[in-house]
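What follows is a set of notes on a single structure, which appears directly below.
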Amino acid sequence: MKSVLLAILTTTILMSYTLSSSEIIPVWNRTIEGKVQDMEFLKGQNEVLMLVGEGAGGQIQRRNPENGELIHTFPYPLSTGSKFVLTPDSLRFVLLNGNGGLVRSLDEQYTVSSLFDIEYEDTIGIKYSNIAIDPVRPHVYVASTGWFKKTNFPAPRNKIIAYNYETGEHIKDLTEYGEDEYTAIEVSHNGKYLATLNDNMAYLKVWDLESMEQIINEPLFDENSNTRCEAEDIYFSKIDDNVIYYSGLFSKKLNSKDIYPPSIYTFNITSKEQKLILPNDIYGGWDLIFLDNESRIMSTTFNTIGIINQNLNSLEWYNIPPDNIFTTLIRYSEIGNYFIGASGNDFCKFLYDRETSINPEYDEEVVISPNPTTNTININLNSNGFEYIRLSIVDL
């Protein structure tokens, strides 16, 4: 085979590229006793309600987002994977704790006003795993998951159930029991639709909440592939309630440019059109947060943050964040324009500087060695973080 000679006259060349001036800025961080299981801003966003710890050491906490300090704590046994949602009046919250659901007031004793629970089985354990609340009706929609008690292996006890949170009444099972866990569930901001994603052979399912009938059952998997789909998050657009954003790792490809890592998609309920956002970029399509009237999407994983600028149709920021910024759970304050984050028992506050109008050109030294060569070469890009650069050998 003819050797390729890189006709480079020196061992050092210069490559120019544009750097974004956006920045993730830490404000404070602290370590608290117990794992943060869930958290949300309360009305006015002056306090954060948190579920902290597991078992007998569990607590319901309120903390000050200005400095992370504890305002109030209430000892309460919590199961692993406990979650909650605030009611539309912001006076109560619906807590999923194991196989029980409780509606609690936001007083110092978190008084219970109603409850509901799932059916009991001798050989199979079943618990609630996810929740969404209706902004119009007094309804919550919860996902269940199951396991065989003897082996602890997954059991086919996964379904979506609707309850009245005022009375605890069971309204309807929206799905039959199945094997694939529902990992994302969301209600549109106008209360018109409910949407879910499930793992493995993934589907985007949508219900019309007026009729409680399913209207969309869109497969997100390739029938010719054995690849397991990993569903992550759902968000209904506030600008157009017919548009759903969803994220995860799906084997169905929408076009020839699709790449395989977790990504973000849109689905239009009216036109049934699906689109992949930035099909040529890697940005970690997990949890979704929308900024600046949905012009930016923040996508977080357990150790990375990606930010997409929808106006420019480009990846604005993608990297491991600075030290002491925790990204397993992230909540955004639209009032204060800041974020709180948590991973394990670490808790933090940070900012995102959107200044992207300044795009200076930087010369970065690229060292290629050995030169000349008839075999392999080493290319040192001297690049920090996740820069994606295409290199081509054009001619001698």
Side-chain angles (χ1 to χ4, degrees), residues 24-98 101-113 128 130-133 140 233 286-291 298 300-303 305 321-353:
I24 303 291
I25 304 170
V27 177
W28 53 253
N29 67 87
R30 60 176 62 243
T31 300
I32 59 182
E33 286 192 23
K35 175 184 176 181
V36 180
Q37 297 206 56
D38 202 1
M39 61 185 184
E40 293 292 346
F41 285 104
L42 295 180
K43 186 177 182 180
Q45 300 185 353
N46 295 318
E47 294 183 11
V48 182
L49 184 67
M50 305 174 70
L51 304 181
V52 178
E54 298 174 352
Q59 295 181 347
I60 303 173
Q61 295 185 357
R62 294 191 207 186
R63 289 186 176 266
N64 185 345
E66 288 301 311
N67 50 29
E69 290 184 358
L70 186 65
I71 297 173
H72 179 262
T73 184
F74 181 75
Y76 189 78
L78 293 171
S79 300
T80 302
S82 294
K83 297 179 183 295
F84 73 92
V85 290
L86 296 170
T87 56
D89 60 14
S90 300
L91 300 176
R92 296 162 293 173
F93 64 100
V94 184
L95 170 64
L96 297 186
N97 194 26
L102 304 101
V103 181
R104 291 182 170 271
S105 300
L106 285 167
D107 54 29
E108 290 196 353
Q109 299 302 313
Y110 300 105
T111 306
V112 176
S113 58
Y128 296 126
N130 222 327
I131 184 171
I133 197 160
V140 289
D233 202 2
W286 285 24
D287 295 339
L288 304 178
I289 300 170
F290 285 75
L291 320 174
M298 174 180 283
T300 66
T301 70
F302 64 93
N303 66 351
I305 295 176
D323 290 341
N324 300 318
I325 289 181
F326 310 108
T327 59
T328 302
L329 281 173
I330 290 183
R331 301 292 182 260
Y332 174 56
S333 169
E334 293 181 349
I335 295 175
N337 194 25
Y338 62 84
F339 303 83
I340 56 170
S343 294
N345 61 344
D346 292 312
F347 183 44
C348 73
K349 179 179 180 178
F350 65 93
L351 309 175
Y352 176 57
D353 182 356

Aromatic rings F339 and F350: how do their planes relate, parallel, tilted or perpendicular, breaks at 30° and 60°?
-> parallel

Taking the inter-plane angle between the rings of W286 and F302 on a 0 to 90° scale, is it parallel (under 30°), tilted (30 to 60°) or perpendicular (over 60°)?
-> tilted

Are side-chain heavy atoms of [X] and [Y] found at a separation under 4.5 Å?
X    : Y    : answer
V36  : T328 : no
V140 : I133 : yes
E54  : L78  : no
R63  : F347 : yes
F41  : I340 : yes

List the atom of [X], the atom of [Y], and the distance in Å for their closest heavy-atom pair.
X    : Y    : answer
K43  : S90  : CB-CB, 3.8 Å
L329 : M39  : O-CE, 3.7 Å
L70  : H72  : CD1-O, 3.6 Å
I325 : C348 : CA-SG, 3.9 Å
V48  : P65  : CG2-CB, 4.0 Å
T327 : T301 : OG1-O, 2.8 Å

Verdict with reasoning, Y76 to L95, per side chain to side chain contact (heavy atoms under 4.5 Å, CB included) | CA-CA 12 Å; Y76 189 78; L95 170 64; 3.8 Å; yes

Kindly compute the distance separating [atom1] ([X]) from [atom2] ([Y]), expressed to the nearest 0.5 Å.
X    : Y    : atom1 : atom2 : answer
N324 : T31  : CG    : OG1   : 8.5 Å
L86  : L106 : CG    : CG    : 6.5 Å
L288 : M298 : CG    : CE    : 11.5 Å
N46  : N64  : CG    : CG    : 8.0 Å
E40  : Q45  : CD    : CD    : 10.0 Å
N337 : L291 : CG    : CG    : 8.0 Å

Heavy-atom count around K349 NZ within 6.0 Å, excluding the residue itself: above 12?
-> yes

Measure from the side-chain N and O atoms of [X] to the backbone N and O of [Y], and report whether any donor-acceptor pair falls under 3.5 Å.
X    : Y    : answer
N97  : P77  : yes
Q37  : S82  : yes
Q61  : T73  : no
T300 : I305 : no
S333 : Y338 : no

Stepwise side chain to side chain contact (heavy atoms under 4.5 Å, CB included) test for I289 and Y352 = CA-CA 12 Å; I289 300 170; Y352 176 57; over 6 Å; no

Would R30 and E69 count as a side chain to side chain contact (heavy atoms under 4.5 Å, CB included) if you check the C-alpha gap in whole Å, the side-chain angles of each, and the deciding distance to 0.1 Å?
-> CA-CA 9 Å; R30 60 176 62 243; E69 290 184 358; 3.6 Å; yes

Could you give me the CA-CA distance, side-chain angles and deciding distance for I60 and F84, then say whether side chain to side chain contact (heavy atoms under 4.5 Å, CB included) is met?
-> CA-CA 11 Å; I60 303 173; F84 73 92; over 6 Å; no

Tell me whether the guanidinium CZ or amine NZ of K83 lies under 6.0 angstrom from the six-membered ring centre of Y128 and within 45° of its axis.
-> no

May I ask you to decide whether R331 forms a salt bridge with D287, counting only side-chain N to carboxylate O separations under 4.0 Å?
-> no

